[in-house]
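Single-structure report; data block below.
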Amino acid sequence: MTKTLRVAVIGAGRMGADHIKRLSTRIHGAEVAAVVDVDLARAQSAIEGIDGAVALASAEEALNNGDVNAVLIATPGFLHEEILYKALEKNFPILCEKPLTPDAESAWKVVQAEQALGHKLIQVGFMRRFDAEYSALGAMVRNGGLGELLMLHHQHRNPSTPEGFTNEMLINDSVVHEFDAIRYFTGEEITSVQVRLGKPTRSAPNGQHDPQHVLLETESGVLADVEIYVNAKFGYQVATQASFEDGIVSIGGDAGPYIQTAGKWGGNVTPGFEDRFGAAYDVEVQSWVDSALRGEIGGPTAWDGYATAACCEAGVEAQKSGEKVKVRLNTKPDLYK
Ligand code: ISE
């Protein structure tokens, strides 16, 4: 059995660089063997100080490198599909940043390819499932101590958006996390999505309507609403309030310390997702590594990647039509039951 994962990290941008640091400093049982980026200089600077790692310009070269036995995909989503197929062919454990692929049809093909192999190799990077408060709320739903879960209220606020962040990306890049979180909390599929566009902020770039209000239903009738507000300026905030029959649970409030000084009271605002979910990313990657060394996967599956892609597709359609759109899902293959 493999004792150490020798990971090829594909993509050395914002997420890739964060994972390279994590893998080479905090994660046990894995090492960075190769870093791939179309910008070779960026790959080279990412491997600085990492013994035995090579910088390469092509994913194929990395996967064919005899020193590599696992892959972490952190490229933009439209590049995932090709790398996924090559890594499946090699039978390598895969941690694929979200989205699995950018649309439901291609995500379904990936699910089918993995199913044809007969075992799971793909873990999808929905890191929120590894956040301590998210898992605590998930456990409360499952143990039923507060009765049935009835409603979920989500707030997802970002300080600003990078250049090129389109209106569709509010759904595909940001609300996709909420789709996964709602599926995770309820253990159910989302059946419909509606998007309401209200009064927009003057801070939204051209072509973006921000904020938006997303309304969802699950199989048993749990209602969820999401405020997605990606130019909120003040900082990064992701929070959920869950209404149960016998109580209300809130997660994602700002963490202390709270300081009182000269007529002021308050704490610090989280600047971005790397800080907000830093600990969750560590737990996620460690879970992937530990499970991969046992020949398993340790988190959300390719099915979760496909199901959220189907929700995104319904969400973008709903954004355009203003109508309530049904989520179309194929039957879940046995491998994921
Ligand atoms: C970004 O890609 C992420 O994944 C963050 O978690 C999310 O908060 C942000 O809205 C996305 O753009």
Side-chain angles (χ1 to χ4, degrees), residues 10-19 22 72-80 95-103 107 123-135 152-185 195 201 203-205 207-214 224 226-240 251-255 269-285 288 299-300 304-305 308-309 311-312 315-316 319:
I10 320 289
R14 188 171 172 183
M15 249 357 276
D18 205 43
H19 283 315
R22 162 170 302 112
L72 190 160
I73 305 174
T75 60
F78 73 93
L79 295 170
H80 290 184
L95 178 58
C96 180
E97 267 305 329
K98 61 90 192 165
L100 179 64
T101 66
D103 59 87
Q123 181 175 326
V124 181
F126 287 121
M127 76 297 185
R128 291 193 192 178
R129 295 183 181 215
F130 298 89
D131 175 81
E133 287 189 311
Y134 273 75
S135 20
L152 289 162
H153 310 285
H154 288 224
Q155 295 98 41
H156 186 160
R157 299 173 182 135
N158 295 176
S160 59
T161 46
E163 224 184 294
F165 202 91
T166 61
N167 204 41
E168 288 80 12
M169 286 169 83
L170 266 75
I171 302 291
N172 291 334
D173 209 55
S174 302
V175 178
V176 64
H177 282 292
E178 255 57 50
F179 290 142
D180 184 64
I182 290 160
R183 296 177 61 258
Y184 168 67
F185 292 143
V195 179
T201 168
S203 306
Q208 234 191 55
H209 190 112
D210 183 43
Q212 302 184 11
H213 196 201
V214 184
V226 178
E227 174 195 313
I228 181 66
Y229 183 13
V230 291
N231 297 281
K233 287 180 156 176
F234 74 96
Y236 189 88
Q237 187 183 47
V238 162
T240 290
I251 62 166
D254 290 324
V269 169
T270 313
F273 56 83
E274 292 92 337
D275 298 82
R276 167 66 178 85
F277 289 109
Y281 282 120
D282 284 356
V283 180
E284 170 196 60
V285 175
W288 173 59
D304 296 308
T308 49
C311 293
C312 287
V316 170
Q319 216 182 25

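Numbering of ligands and ligand atoms starts at 1, following listing order.
With Glu227 as reference, Arg157 is the one residue of Gln155, Arg157, His153 to meet the side-chain hydrogen bond (donor to acceptor under 3.5 Å, both in side chains) rule.
A heavy-atom cutoff of 4.0 Å around ligand 1 is satisfied by the protein residues Lys98, Met127, His156, Asn158, Phe165, Asp173, Ser174, His177, Tyr236, Phe273.
For the ring-ring contact (aromatic ring centres under 6.0 Å, His included) test, no residue two or more places apart in sequence or in another chain qualifies with Phe130. Applying the ring-ring contact (aromatic ring centres under 6.0 Å, His included) criterion to Tyr134, with sequence neighbours excluded, gives Phe185. Residues passing the ring-ring contact (aromatic ring centres under 6.0 Å, His included) test with His19 are Tyr281, sequence neighbours excluded.
A salt bridge is absent between Asp180 and Arg128; no separation between the charged side-chain nitrogens and carboxylate oxygens falls under 4.0 Å. For Asp18 and Arg22, the salt-bridge test passes: some basic side-chain N is under 4.0 Å from an acidic carboxylate O.
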